[in-house]
Asks: 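Take this structure first; my questions come after.
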Amino acid sequence: AKNTPENVVNSIKILKSMNWLPAKIITIQTKFQTRRAYHTFKAAADWNPKLIRHPVQVSSYGREDYFKDKNGWSYVFFEYIKLYGARLMGHF
């Protein structure tokens with residue numbers, strides 16, 4: 001997948017091809033993507049699984065220090081742009 005919505009759609013296709021619609025799904029993403037990934041998956045899954053969010057720190061920017069670097073600012077800023085864009089595109 002190239003992006004979060006594509007990843008969600010592909011994951012759902014794989015689960016359905018296996019005839020397996022789990023009651024619980026763990027979503028793993030960076031801390032900044034947690035909200036967008038959660039809502040995108042909730043909107044795409046048509047059987048209403050319980051989604052368990054598991055954020056991980058994979059970038060060099062965390063909640064405590066993103067503002068110390070201009071790249072950290074842009075990382076967070078663009079995540080909000082993506083969140084807004086996903087909302088406008090009807091992903092959730």
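In this text, all values refer to a predicted model and were calculated from it rather than measured experimentally.
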Asks: Please report the interatomic distance CG(Asn3) to CG(Asn7), rounded to the nearest 0.5 Å.
Replies: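 These two atoms lie 8.5 Å from each other.
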
Asks: Does Thr40 reach the main-chain N or O of Ala37 with its side chain, forming a donor-acceptor pair under 3.5 Å?
Replies: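 No; zero donor-acceptor contacts below 3.5 Å.
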
Asks: Could you list the residues that satisfy side-chain contact (heavy atoms from CB on, under 4.5 Å) with Ala45, not counting sequence neighbours?
Replies: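 Checked Ala45 against side-chain contact (heavy atoms from CB on, under 4.5 Å); matches are Ile12, Phe41, Trp47, Pro49.
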
Asks: Answer with yes or no whether the hydrophobic clustering places Val8 together with Ile28; edges join I, L, V, M, F, W, Y residues whose side-chain heavy atoms lie under 4.5 Å apart.
Replies: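 No, it is not one cluster - the side chains of Val8 and Ile28 are not joined through contacts under 4.5 Å.
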
Asks: Are Ile25 and Leu15 packed together at the side-chain level, in the sense that at least one heavy-atom pair is separated by less than 4.5 angstrom?
Replies: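 Answer yes - side chains close enough.
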
Asks: Does either side chain, that of Thr4 or that of Arg36, offer a donor lying less than 3.5 Å from an acceptor on the other one?
Replies: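 Indeed, the side chains of Thr4 and Arg36 share at least one donor-acceptor pair under 3.5 Å.
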
Asks: Would Leu21 and Met18 show up in the same hydrophobic cluster when neighbours are defined by side-chain heavy atoms closer than 4.5 Å?
Replies: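 In one cluster: yes.
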
Asks: If the condition is salt bridge (Lys or Arg N to Asp or Glu O under 4.0 Å), which residues does Lys42 pass it with, not counting sequence neighbours?
Replies: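 Partners of Lys42 by the salt bridge (Lys or Arg N to Asp or Glu O under 4.0 Å) criterion come out as none, since no residue qualifies.
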
Asks: If I compare all heavy atoms of Phe32 with all of Glu79, which pair ends up nearest, and what's the gap?
Replies: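 Of all heavy-atom pairs spanning Phe32 and Glu79, the closest is O-CG, 3.1 Å.
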
Asks: Count the heavy atoms belonging to other residues, nucleotides or ligands that lie under 6.0 Å from CG of Leu88, then report whether that count exceeds 12.
Replies: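 Check passes, neighbour count above 12.
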
Asks: Is it true that a side-chain atom of Glu6 and a backbone atom of Lys2 form a donor plus acceptor pair closer than 3.5 Å?
Replies: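 It does hold such a pair.
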
Asks: Determine, using the 4.5 Å side-chain heavy-atom cutoff (strictly less than), whether Phe78 and Trp73 are members of one ILVMFWY cluster.
Replies: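 Hydrophobic grouping puts Phe78 apart from Trp73.
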
Asks: Taking the side chain as every heavy atom from C-beta outward, state whether Leu51 and His39 have any atom pair closer than 4.5 Å.
Replies: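 A side-chain contact under 4.5 Å is absent here.
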
Asks: Got Lys24 and Ile52 here, is their nearest side-chain heavy-atom distance under 4.5 Å?
Replies: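 Side chain of Lys24 against side chain of Ile52, heavy atoms only: contact under 4.5 Å found.
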
Asks: NZ/Lys31 to NE2/His54 distance, rounded to the nearest 0.5 angstrom?
Replies: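 So the gap between those two atoms works out to 10.0 Å.
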
